[in-house]
Student: 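The structure that follows is given in the form of structure tokens.
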Amino acid sequence: MSSTHPTLAGRSDSAGPRRLRVVGGGMVAHRLVEALRDRDAEGEWAVDLYCEEPLPPYDRVALTSYFSGSSAADLLLGDGGFEDDPLVTVHLGACVTGLDTAARTVTVAGREEPYDAVVLATGSSAFVPPVAGADLPGAFVYRTLQDVRALEAWVQDRVSRLAPLAPQPPVRGVVVGGGLLGLEAAGALHGMGVSTTVVEFAERLMPLQVDEGGGAALRRIIEELGVEVLTATATAAVEAGEDGRVGSMTFADGTRVDADVVVFATGVRPRDELARYAGLVVGERGGVVVDDGCLTVAADVYAVGEVACIQGRTWGLVGPGNTMAEVVVDRLLGGDATFPGADTSTKLKLLGVDVASFGDAFAQAPGSLEVVYADPVAKVYKKLVMSDDARTLLGGVLVGDASAYASLRPMLGAELGSDPNAWLLPSGGVTPVTGELPDAANVCSCNNVSAGAVRAAVCDAGCTDLGSLKSCTKAGTSCGSCLPLVKNILNAELKKAGAEVSSALCEHFAFSRAQLFDIISVTGLRSFSDIIGAHGAGRGCDICRPVVASILSSLGTGHVLDKDQARLQDTNDHVMANLQKDGTYSVVPRVPAGEITPAGLIAIGQVASDFGLYTKITGGQRIDLFGARLEQLPAIWKRLVEAGFESGHAYGKALRTVKSCVGSTWCRYGVQDSVGLAVDLELRYRGLRSPHKIKLGVSGCARECAEARSKDVGVIATDKGWNLYVGGNGGFTPRHAQLFVEDLGTEELVRTIDRFLMYYVRTADRLQRTAPWVEEHEGGLDAIRAVVMEDSLGICADLDAAMAAHVENYRDEWAATLADPDKLSQFVSFLNDPDAGDPDLTYVEERGQRRPATADERRLIAGPRLEIRPLASDPTEEKVSAP
Ligand SMILES: Cc1cc2nc3c(=O)[nH]c(=O)nc-3n(C[C@H](O)[C@H](O)[C@H](O)COP(=O)(O)OP(=O)(O)OC[C@H]3O[C@@H](n4cnc5c(N)ncnc54)[C@H](O)[C@@H]3O)c2cc1C
Ligand code: SF4
């Protein structure tokens with residue numbers, strides 16, 4: 001990164017651009033520089049951005065994603081460092097140490113640099129309470145990329161130090177602080193396999209965002225995940241172990257817990273030291289005092305973001321900071337914008353749990369009413385705060401299911417227009433509102449973008465896709481929770497204007513999934529980087545990466561865990577198993593058509609018994625084995641593969657099962673061999689990756705015992721052959737499959753299903769099941785029938801060939817994994833000793849099998865071994881080859 005732009009060095013005179021020095025390269029500074037460069041068409045300002053950290057501005061809000069694989073490069077904001085902009089110079093690792101408002105200079109690396117204006121955007125530092133031992137090795141804070149890297153390295157080091165001990169104890173971590181940051185840190189530790197305790201001084205978790213009911217629900221959910229929660233608990237001291245590192249922690253009531261790592265997430269303090277040193281006014285509780293135009297008491301010195309004290313307070317969220325940045329940009333360009341106040345609404349996913357809080361969440365408005373829906377079984381708590389006539393929405397708290405947030409938050413201060421309960425009940429009004437949303441409604445609180453601004457960007461600025469809308473309005477560029485609503489408004493406006501609604505997959509690919517499928521299939525490109533390099537832009541996102549992975553798999557190109565493909569996969573595909581609520585996995589071997597030999601049953605039973613797995617027959621007529629730890633998966637699969645089983649793809653967007661009734665073989669009503677056909681179909685389509693999961697069913701007569709009409713493809717026997725139905729599904733929005741063709745012979749039936757499935761795989765949208773695909777296909781079912789039965793598009797030969805290739809190239813993913821040491825090497829977790837008594841994996845016995853202990857059960861037992869059946873010992877290498 002350049003230190004100073006050669007053509008502009010030393011200029012702060014009237015001959016060229018004026019010199020703006022921005023101190024601090026955080027999120028708000030980035031927004032400010034970006035907005036200034038967007039709006040300063042004349043090049044009035046040249047910017048020097050000083051970043052104390054060794055990186056250009058990055059997304060601090062997404063810091064925790066570092067633990068799920070995001071690299072520093074992934075977290076960089078915008079294009080990273082304004083590298084191509086001649087009017088912006090980014091100084092990395094450059095701490096501004098002085099500000100002289102009389103001489104109008106800032107001091108960097110001992111040099112005094114003149115300014116025409118300065119913006120202080122120095123953010124906050126993590127606050128560590130003054131407890132003894134808080135500075136011991138092994139005590140961390142959670143604010144910067146350097147912090148999380150150091151934390152990760154520490155945990156890995158502890159794991160390797162404990163490894164020689166037998167049995168290997170778990171690494172124990174304590175997070176001090178049960179607020180937003182504390183729970184993010186707890187999620188990071190938990191994800192690394194650390195046995196985690198959260199300690200909160202207040203009576204409940206997230207006391208600033210959620211009420212008592214929400215706090216209790218959040219606690220219950222988090223405890224069920226295996227994280228211990230101590231509320232109303234004050235930390236007294238951190239003690240060193242024998243090696244001089246963090247060893248334990250004592251609380252004010254004298255109790256103690258062992259700890260190998262401690263993370264302090266106890267709030268932040270504004271970094272106002274430069275301002276104090278320069279004699280600027282700071283607030284009582286810190287922060288540089290600014291007026292409504294973000295100007296400090298010194299001429300041309302502004303402060304924005306977490307370091308600014310505006311309207312009597314500091315703001316610990318990125319949204320208000322971004323608003324301040326926009327105000328300052330306006331002022332720098334001669335405007336008179338003022339800070340309008342800010343929305344402190346938040347929506348987060350903490351430890352995988354949705355939490356949202358908005359408006360008057362604590363019902364402080366006089367006469368306000370609270371409408372509460374709580375379902376402890378479904379782990380959901382929702383509350384709306386309404387005006388005294390129960391009409392106007394004032395605020396709310398959502399825990400466990402925050403899907404209504406995007407729709408509700410913009411309605412703050414508006415009449416809900418229906419019974420508030422309708423918004424809270426599980427099948428309630430969670431469809432994002434668009435048409436009825438007033439222009440003033442705030443759609444994106446991080447960037448303060450109203451519904452009207454989104455509409456104007458579509459109607460006036462000509463934005464026709466999400467990407468251009470995001471860069472034009474900034475909506476959805478921070479936490480992203482408003483994107484579904486923003487996309488809906490975009491589509492509604494485009495439709496209203498009679499314009500074409502963009503089918504672009506995301507901002508990185510201007511193509512629909514179907515177009516991308518054709519591109520990949522025709523070009524023969526086989527890696528994500530090649531594909532996005534040639535046909536997309538940027539680095540990809542959570543939408544396009546799995547889509548490309550799925551398309552590559554549908555085309556039969558390599559294994560899901562091949563190096564380039566592995567990092568694109570969704571969580572379950574990544575480990576070829578289904579993640580369960582306690583962090584273990586379930587294993588589902590394929591049982592074609594539900595037909596299984598006694599020997600097969602015994603083999604599965606023996607594996608389940610040896611590994612202590614809970615077994616359950618699924619609705620798809622196979623056996624699900626629950627409670628496997630990551631590192632056990634290869635050993636379990638080795639046994640299953642040896643017994644003749646293969647992957648059931650229960651984790652993938654792929655063919656799941658072909659359910660069948662016993663048919664004419666045993667049933668006196670049966671008119672065809674439904675089991676035989678179902679077995680053939682399941683073996684034919686196994687491993688076929690698709691936009692969503694696919695299920696089939698075959699019934700031996702019209703009595704329909706296999707419930708084939710609730711499947712994507714249903715086959716029902718007739719006296720003359722088979723009736724074929726398509727587009728059915730169960731689940732959230734059940735659909736009955738529709739009759740596609742009647743009385744087909746078996747060969748013709750299979751060819752028709754081949755074509756139907758392959759056409760769906762190629763042309764459906766991402767995550768679109770067959771029912772909506774049929775509905776949204778131009779011309780509906782009739783058009784699809786014409787393609788498949790009459791070859792109206794002339795593609796049937798292609799579809800047939802693609803399916804033939806799929807059948808021929810099919811390989812069992814698990815067998816291939818077992819044969820490849822590289823792929824096997826990723827099945828390692830930190831907790832690799834089953835006898836360690838890790839409380840995260842505590843089980844109780846129920847109806848003859850073990851299940852995860854509930855939080856209450858865990859609390860009831862002081863030590864993990866009392867009344868609890870510990871995790872069964874792991875029959876690893878020695879036993880793995882036993883029959
Ligand atoms: C894990 C985590 C999760 C979060 N989640 C959310 C969320 O979901 N929603 C939300 O709204 N907010 C969230 N936040 C808060 C959000 O990140 C901050 O509000 C936002 O980053 C503030 O931006 P800022 O630019 O004011 O300060 P910062 O991002 O802190 O940037 C300030 C920068 O200035 C640098 N600096 C300081 N002094 C100097 C100096 N003298 N010279 C040069 N550089 C200097 C610092 O090193 C730092 O890089 C989260 C924060 C964390 C840590
Ligand atoms: S669908 Fe017909 S053939 Fe199949 S089990 Fe039921 S009654 Fe028997």
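We count ligands from 1, going down the list as the structure has it; atoms in each ligand are counted the same way. Since this is a predicted model, take the numbers as computed values, not measurements. The first residue in the sequence is number 1, and the count goes up from there.
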Student: Does atom CZ (R149) have a neighbourhood of more than 12 heavy atoms from anything else shown, all under 6.0 Å?
Tutor: yes
Student: Provide the number and element of each atom of ligand 1 under 4.0 Å from a heavy atom of G305.
Tutor: 26 (O)
Student: Within 45° of the ring axis of Y669 and under 6.0 Å from its six-membered ring centre, is that where the NZ or CZ of R703 lies?
Tutor: yes
Student: Using side-chain heavy atoms (C-beta onward) and a distance below 4.5 Å, is L151 in contact with F67?
Tutor: yes
Student: Which part of R271 is near ligand 1, with near meaning a heavy atom under 4.0 Å away: side chain, backbone, both or neither?
Tutor: side chain
Student: Which of the atoms in ligand 1, numbered in the order shown and given with their element, are less than 4.0 Å from a heavy-atom of G24?
Tutor: 34 (O), 35 (C), 36 (N), 43 (C), 44 (N), 45 (C)
Student: So, applying side chain to side chain contact (heavy atoms under 4.5 Å, CB included) with L120, which one of D272, V96, V23, V22 is it?
Tutor: V23
Student: Is it the case that R331 and Y302 place a side-chain donor and acceptor less than 3.5 Å from each other?
Tutor: no
Student: Between N723 and T718, is there a side-chain donor-acceptor contact under 3.5 Å, judged purely by atom types and distance?
Tutor: no
Student: Counting only heavy atoms closer than 4.0 Å, does ligand 1 sit against the backbone of V307, its side chain, both, or neither?
Tutor: neither
Student: Check each atom of ligand 2 against the heavy atoms of C701 and keep those under 4.0 Å away; list them by number with element.
Tutor: 1 (S), 2 (Fe), 3 (S), 7 (S)
Student: Report yes or no: do T64 and E184 form a side-chain donor-acceptor pair below 3.5 Å?
Tutor: yes
Student: Report yes if E273 has an N/O atom closer than 3.5 Å to an N/O atom of ligand 1; otherwise report no.
Tutor: no
Student: Specify the protein heavy atom at minimum distance from atom 5 (S) of ligand 2: its residue, its atom name, and the distance to 0.1 Å.
Tutor: C661 CB, 3.6 Å
Student: Just let me know how A121 lines up against ligand 1, side chain, backbone, both or neither, with a heavy-atom cut-off below 4.0 Å.
Tutor: backbone
Student: Kindly identify the option in E306, K347, R143 whose heavy atom sits closest to atom 18 (C) of ligand 1.
Tutor: E306
Student: Short N/O distance, under 3.5 Å, between C95 and ligand 1?
Tutor: no
Student: Taking non-hydrogen atoms only, is W315 closer than 4.0 angstrom to ligand 1 via side chain, backbone, both or neither?
Tutor: neither
Student: Kindly state whether the ring of Y58 and the ring of H30 have centres lying under 6.0 angstrom apart.
Tutor: no
Student: So if I count the atoms of ligand 1 from 1 in the order they appear, which ones are less than 4.0 Å from some heavy atom of E53?
Tutor: 47 (O), 48 (C), 49 (O)
Student: Can you tell me which residue and heavy atom of the protein come closest to atom 3 (S) of ligand 2, and the distance to 0.1 Å?
Tutor: G670 CA, 3.3 Å
Student: Among E704, R703, R668, Q672, which one puts a heavy atom closest to atom 7 (S) of ligand 2?
Tutor: R703
Student: Can you tell me if A94 has a non-hydrogen atom under 4.0 Å from ligand 1?
Tutor: yes
Student: Out of all atoms in ligand 1, which are within 4.0 Å of some heavy atom of G316? Include the element for each.
Tutor: 15 (C), 19 (O)
Student: If we set the cut-off at 4.0 Å for heavy atoms, which region of A185 has an atom near ligand 1: side chain, backbone, both, or neither?
Tutor: neither
Student: Taking 4.0 angstrom as the limit and counting only heavy atoms of Y142, give me the atoms of ligand 1 inside it, by number and element.
Tutor: 1 (C), 53 (C)
Student: Between K474 and E326 (salt bridge meaning N to carboxylate O under 4.0 Å), is one present in this structure?
Tutor: no
Student: Quick one: does T346 get within less than 4.0 Å of ligand 1, heavy atoms only?
Tutor: no
Student: Please list the nearest protein heavy atom to atom 6 (Fe) of ligand 2 with its residue and the distance rounded to 0.1 Å.
Tutor: C705 SG, 2.4 Å
Student: Going by the closest heavy atom to atom 23 (O) of ligand 1, which one wins out of V28, L274, V22?
Tutor: V28
Student: Quick check on contacts: which atoms of ligand 1 are under 4.0 angstrom from a heavy atom of Y50?
Tutor: 43 (C), 44 (N)
Student: Considering H30, H91, M27 one by one, which has a heavy atom nearer to atom 21 (O) of ligand 1 than any of the others?
Tutor: M27
Student: Go through the side-chain N and O atoms of S357 and Q209 and say whether any donor and acceptor fall under 3.5 Å apart.
Tutor: no
Student: Output yes when D300 and R104 qualify as a salt bridge under the 4.0 Å nitrogen-oxygen rule, no when they do not.
Tutor: yes
Student: Quick check: are there more than 12 heavy atoms from other residues, nucleotides or ligands sitting under 6.0 Å from CD of E53?
Tutor: yes
Student: With a distance cut-off below 6.0 Å to the six-membered ring centre and an angular limit of 45° from the axis, does R269 pair with F127 as a cation-pi contact?
Tutor: yes
Student: Going by atom types alone, do S699 and E704 pair a side-chain donor with an acceptor below 3.5 Å?
Tutor: yes
Student: Would you mind checking which non-hydrogen protein atom is closest to atom 8 (Fe) of ligand 2, with the distance to 0.1 Å?
Tutor: C667 SG, 2.3 Å
Student: If you define the side chain from C-beta out and look only at heavy atoms, does anything of T97 sit under 4.5 Å from V108?
Tutor: no
Student: What I want to know is whether T64 and ligand 1 share at least one N or O pair that is separated by under 3.5 angstrom.
Tutor: no
